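Here is the structure we will look at, set down as structure tokens.
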Amino acid sequence: MSSHSTSPARARGLLCGDLQPGGSNRITDVRGVTVGHQTVRHGGFRTGFTAVLPHAGNLFLEKLPAAVDVINGFGKSAGLIQVEELGTLETPILLTNTFGVGTGINALIRHELSINPDIDRSGGTVNPVVMECNDGYLSDINAMVLSEADAFAALDAAATDFEQGSVGAGTGISAFGFKGGIGSASRVFAINGAEFTLGALVQANFGKPGDLILPDGRKPRPATGDQTVERGSVIVVLATDVPLESRQLKRVARRAAAGLGRLGAYYGNGSGDIALAFSTAQRMQHFGDADFVAHDILKEDKIDLLFKAAAETTQEAVLNAMIASPATQGFKGRARPSLADWLDANRI
């Protein structure tokens, strides 16, 4: 297990839990997972796409077990109904702004058709998964500037090494009155003598100013801000190489809320808070003649380790997103300060 992993939060002495982080302390520590961004930052636009690719193969033909937990359903995500019903993931995951969801859907369909031209002819339709946060405070969301080409660029950029902070779908979002963004973290642990990993990636756009609680107990408050109610959103993507079936993955996804709660979140009425979890351990074939399929699954009384890892990685990923994001000015001159600057000014 790695003993040298760092992150924006850890570099400032903010430790979330006591499980060991993975080698890069990012979701891509789960083997096969890659992440890419496409950032649009010009004029009044602060927006983009972030793509999470669960494996490098043909995801439509080799699906992964998955589950979703809707913590608070004030959101416009696509594809979650089928994930909930069938318990599988069959496309990459795109994160974007609220009005970019339709564009993301079309892009994912075209992406899958380019790989599987017989979709809806002999192979059934495809279920694109696109999740969103509203970045309209810092970006001119009504202009609907994002294109399918932007989504393709995020997919093409997917790699194990990726940037955190104000990039991709995190470019224009806010958290607890500070600048929000894309953040990630991972944990490694042993089960039956073998090492496994769980990683999180978040799109952090939630929390009321003054409610943020750091792991050391401090409660940062931005010097300025006009937000008086909790009306943002947060998307959490959890990946693991532990063999789990969809029911177990839903239980793991639900524990993302524990990590958000540690930060001071209470899932306000206007907040779309959603967690999606998938396992890379075993692939489910789209075509096949067998009427019964055998898969390994984790024994239920060993799952607490994953619950703990889900809470810790979610908490740390949000802090990483905020600390990695610089102070930003955007649409109509609106601005968000950086949590990193607050930490620099309030060292202990």
Side-chain angles (χ1 to χ4, degrees), residues 27-28 30-36 49-70 77-96 101-131 148 151-152 154-160 196-199 201 235 237-253 274-298:
I27 193 172
T28 49
V30 178
R31 186 176 179 181
V33 178
T34 54
V35 174
F49 279 104
T50 293
V52 180
L53 278 63
H55 68 62
N58 189 325
L59 194 53
F60 179 74
L61 296 184
E62 295 183 306
K63 309 177 197 304
L64 295 181
V68 62
D69 186 63
V70 179
S77 296
L80 303 186
I81 294 174
Q82 184 167 312
V83 173
E84 174 72 17
E85 182 69 21
L86 300 185
T88 58
L89 183 65
E90 62 184 26
T91 72
I93 300 163
L94 281 178
L95 308 180
T96 188
V101 171
T103 300
I105 291 171
N106 287 340
L108 280 179
I109 292 173
R110 293 188 202 281
H111 173 77
E112 293 304 312
L113 286 172
S114 71
I115 302 169
N116 305 284
D118 287 336
I119 285 177
D120 203 29
R121 292 192 172 97
S122 62
T125 57
V126 66
N127 181 51
V129 174
V130 186
M131 296 189 283
E148 290 181 32
F152 296 145
L155 291 164
D156 291 342
T160 55
F196 294 95
T197 305
L198 183 144
L201 181 140
I235 302 299
V237 178
L238 299 172
T240 185
D241 54 9
V242 177
L244 302 172
E245 49 99 11
S246 61
R247 179 189 58 79
Q248 294 174 312
L249 284 163
K250 188 175 184 69
R251 298 187 71 203
V252 173
I274 298 170
L276 185 149
F278 63 86
S279 169
T280 63
Q282 297 167 114
R283 302 183 184 184
M284 305 172 71
Q285 303 301 314
H286 183 79
F287 294 110
D289 297 327
D291 291 332
F292 295 93
V293 180
H295 286 292
D296 292 332
I297 63 169
L298 180 69

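Model, not experiment: these values are computed from the prediction.
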Exercise. Under the side-chain contact (heavy atoms from CB on, under 4.5 Å) test, which residues partner Asp289, sequence neighbours left out?
Worked result: none
Exercise. How long is the gap from CD1 on Ile27 to OG1 on Thr240, to the nearest 0.5 Å?
Worked result: 10.0 Å
Problem set entry | Leu94 versus Ala51, closest heavy-atom pair with distance | CD2-CB, 3.7 Å
Exercise. So Ile109 and Thr125, side chain to side chain contact (heavy atoms under 4.5 Å, CB included) or not? Walk me through it.
Worked result: CA-CA 9 Å; Ile109 292 173; Thr125 57; over 6 Å; no
Problem set entry | Side-chain heavy-atom pair Gln282, Asp296 within 4.5 angstrom cut-off | yes
Exercise. Are more than 12 heavy atoms from other residues, nucleotides or ligands located less than 6.0 Å from atom CD1 of Ile115?
Worked result: yes
Problem set entry | Atom of Leu89, atom of Val129 and distance for their closest heavy-atom approach | CD1-CG2, 3.7 Å
Exercise. Thr103 versus Thr96: any side-chain heavy-atom pair under 4.5 Å?
Worked result: no
Exercise. Who passes side-chain hydrogen bond (donor to acceptor under 3.5 Å, both in side chains) against Asp156, sequence neighbours left out?
Worked result: none
Seminar exercise, completed: Output for pair (Thr160 OG1, Arg31 CZ), nearest 0.5 Å, gives 12.0 Å
Problem set entry | Asn58 side, atom CG; His55 side, atom NE2 - distance, nearest 0.5 Å | 7.5 Å
For this session: Mind checking side-chain contact (heavy atoms from CB on, under 4.5 Å) for Gln248 and listing every partner two or more places apart, or none if nothing turns up?
Result: Leu244, Glu245, Ile297, Leu298, Glu300, Ile303
Seminar exercise, completed: Here the gap from Leu276 atom CG to Ser77 atom OG, rounded to the nearest 0.5 Å, amounts to 9.5 Å
Problem set entry | Selection residues 102-130 - residue pairs positive for salt bridge (charged side-chain N to carboxylate O under 4.0 Å, His left out), sequence neighbours left out | Arg110-Glu148
Problem set entry | With His286 via side-chain contact (heavy atoms from CB on, under 4.5 Å) - residues at least two apart | Phe60, Leu61, Lys63
Exercise. If you measure from OG1 on Thr50 to CD1 on Ile235, what distance do you get to the nearest 0.5 Å?
Worked result: 11.5 Å
Exercise. What pairs with Ala275 under side-chain contact (heavy atoms from CB on, under 4.5 Å), at least two apart in sequence or on another chain?
Worked result: Val236, Ala253, Ala256
Exercise. Are any non-hydrogen side-chain atoms of Val33 and Phe278 less than 4.5 angstrom apart?
Worked result: yes
For this session: Check whether any side-chain heavy atom of Arg283 sits under 4.5 Å from a side-chain heavy atom of Leu64, and report yes or no.
Result: yes
Problem set entry | Nearest heavy-atom neighbours spanning Leu59 and Pro54 | CD2-CD, 3.8 Å
Exercise. What are the two closest non-hydrogen atoms of Ser279 and Pro243, and how far apart are they?
Worked result: OG-CA, 4.0 Å
Exercise. Is there side-chain contact between Thr28 and Leu201, with at least one heavy-atom pair below 4.5 Å?
Worked result: no
Exercise. Considering all heavy atoms of both residues, which atom of Val30 and which atom of Thr280 are nearest to each other, and what is their separation?
Worked result: CG1-OG1, 3.7 Å
Exercise. Shortest non-hydrogen contact from Leu53 to Ala158?
Worked result: CD1-CB, 3.8 Å
Seminar exercise, completed: Rounded to the nearest 0.5 Å, the OG1 atom of Thr197 sits from the CG atom of Asp241 at a distance of 4.5 Å
Exercise. Is a donor on one side and an acceptor on the other found under 3.5 Å between the side chain of Asn127 and the backbone of Gly79?
Worked result: yes
Problem set entry | Side-chain heavy atoms of Met131 within contact of Ile93, under 4.5 Å | yes
Problem set entry | Note, Leu198 side chain near Val242 side chain (heavy atom, < 4.5 Å) | no
